[in-house]
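In what follows, a single structure is set out as structure tokens and then discussed.
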Amino acid sequence: VGGSSGMGLALARRCLDSGARVVIAGRSEAKLRNASRMLHPHGVPDTIAVDVTQEDQVDRLFKQIGQIDHIVSTAADIEGAYQLLPSLELDAAQRVVASKLYGPLLLAKYGVPKLSDRGSITFTSGIAAYRPSARGSIVAAVNAALEGLVRALAVELAPVRVNAVSPGWVDTPIWA
């Protein structure tokens, strides 16, 4: 999820290169089509438009996909979120929470029953959880919350592996 650009797209390319069947899910059908074209030399991913903040869409996603081995989410709606507190609009903050906390929760809820015995879930947190900056209070808080969720899910869903990766700054379109 979130595989139509940035780190998710790079991961999709690596998985296709290793011979995996890849399903890329994201909100924008146009971005999904573009990602599919970009990945064509490496393989042909399936693409599914889904908003992970909408429970019915996440449920439908996993019913459509069927059995899977791994769930990876790099999705984040951070548009308007990097603001100093007086300028931060609640709507932007709510979109960050929905995409980086509720989305992963829904992916785990509906995805785990479809995981193979050796399946795993990986979510993308971020350095902001540990090194917040001015203008980044909501992003820092949500990344920290996601890591707490991952720890709880790892206990609750064992033996399913649940992890969060926390990259530093990565030169991807989200930062353009």
Side-chain angles (χ1 to χ4, degrees), residues 1-12 23-29 31-32 35 47-62 65 68 70-85 87-112 114-115 119-157 160-176:
V1 178
S4 61
S5 67
M7 292 184 297
L9 181 63
L11 177 62
V23 178
I24 299 175
R27 290 178 300 170
S28 168
E29 289 191 28
K31 285 179 74 175
L32 289 168
T47 59
I48 300 174
V50 63
D51 181 344
V52 296
T53 70
Q54 302 300 309
E55 188 167 9
D56 62 323
Q57 290 187 36
V58 176
D59 182 25
R60 193 168 42 249
L61 168 72
F62 287 106
I65 293 173
I68 55 176
H70 306 286
I71 300 168
V72 178
S73 180
T74 61
D77 185 349
I78 62 167
E79 184 177 341
Y82 279 96
Q83 302 292 326
L84 291 174
L85 191 56
S87 302
L88 180 62
E89 293 183 11
L90 183 58
D91 184 58
Q94 290 171 329
R95 284 193 316 274
V96 175
V97 172
S99 67
K100 288 210 60 154
L101 186 63
Y102 297 140
L105 181 69
L106 293 172
L107 290 169
K109 178 180 178 179
Y110 291 98
V112 166
K114 302 293 185 172
L115 280 175
S120 70
I121 303 172
T122 304
F123 297 121
T124 305
S125 175
I127 195 169
Y130 313 104
R131 305 222 28 207
S133 62
R135 300 181 178 269
S137 59
I138 191 65
V139 175
V142 171
N143 281 322
L146 175 61
E147 294 198 11
L149 175 65
V150 164
R151 287 185 203 95
L153 290 175
V155 171
E156 182 174 337
L157 301 175
V160 171
R161 291 175 292 130
V162 183
N163 292 289
V165 294
S166 182
W169 295 105
V170 179
D171 186 11
T172 62
I174 201 167
W175 298 113

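To the nearest 0.5 Å, atom OH of residue Tyr82 and atom CG of residue Leu88 are 12.0 Å apart. Between the CG atom of Asp59 and the NZ atom of Lys109 there is a distance of 8.5 Å, given to the nearest 0.5 Å. The distance from the CG atom of Asp51 to the OG atom of Ser28 is 11.5 Å, given to the nearest 0.5 Å. From Leu9, atom CG reaches atom CE of Met7 across 11.5 Å, with rounding to the nearest 0.5 Å.
Counting non-hydrogen atoms of neighbouring residues, nucleotides and ligands closer than 6.0 angstrom, the CZ atom of Arg27 reaches no more than 12 such neighbours.
Checked options Val150, Asn163, Val162; the residue passing with Ile121 is Val162 (criterion: side chain to side chain contact (heavy atoms under 4.5 Å, CB included)). Just one residue in the list Thr53, Asp77, Asn143 forms a side chain to side chain donor-acceptor pair (under 3.5 Å) with Lys100, and that residue is Asn143.
Summarising the geometry of Ala108 relative to Leu157, their closest heavy-atom pair is CB-CD1, 4.4 Å, with the distance given to 0.1 Å.
Leu115 is listed as a side-chain neighbour of Ile68, based on a closest heavy-atom distance under 4.5 Å. Inter-residue side-chain proximity for Val160 and Leu153 is flagged as unmet; no heavy-atom pair is nearer than 4.5 Å. Using a 4.5 Å cut-off on side-chain heavy atoms (C-beta onward), Val52 and Tyr102 make no contact. Using a 4.5 Å heavy-atom threshold, the side chains of Asp56 and Arg60 count as touching. Using a 4.5 Å heavy-atom threshold, the side chains of Glu79 and Arg95 count as touching. Arg151 is not listed as a side-chain neighbour of Val155, based on a closest heavy-atom distance of 4.5 Å or more. You'll find the side chain of Phe123 stays beyond 4.5 Å of the side chain of Leu149, heavy atoms only.
Using a distance-only test at 3.5 Å, with no hydrogens or angles considered, no donor-acceptor pair links the side chain of Glu29 to the main chain of Ala49. In terms of modelled atom types and a separation under 3.5 Å, the side chain of Thr124 and the main chain of Ser73 share a donor-acceptor contact.
Looking only at atom types and distance, the side chain of Glu55 has a donor-acceptor partner in the side chain of Tyr110 under 3.5 Å away.
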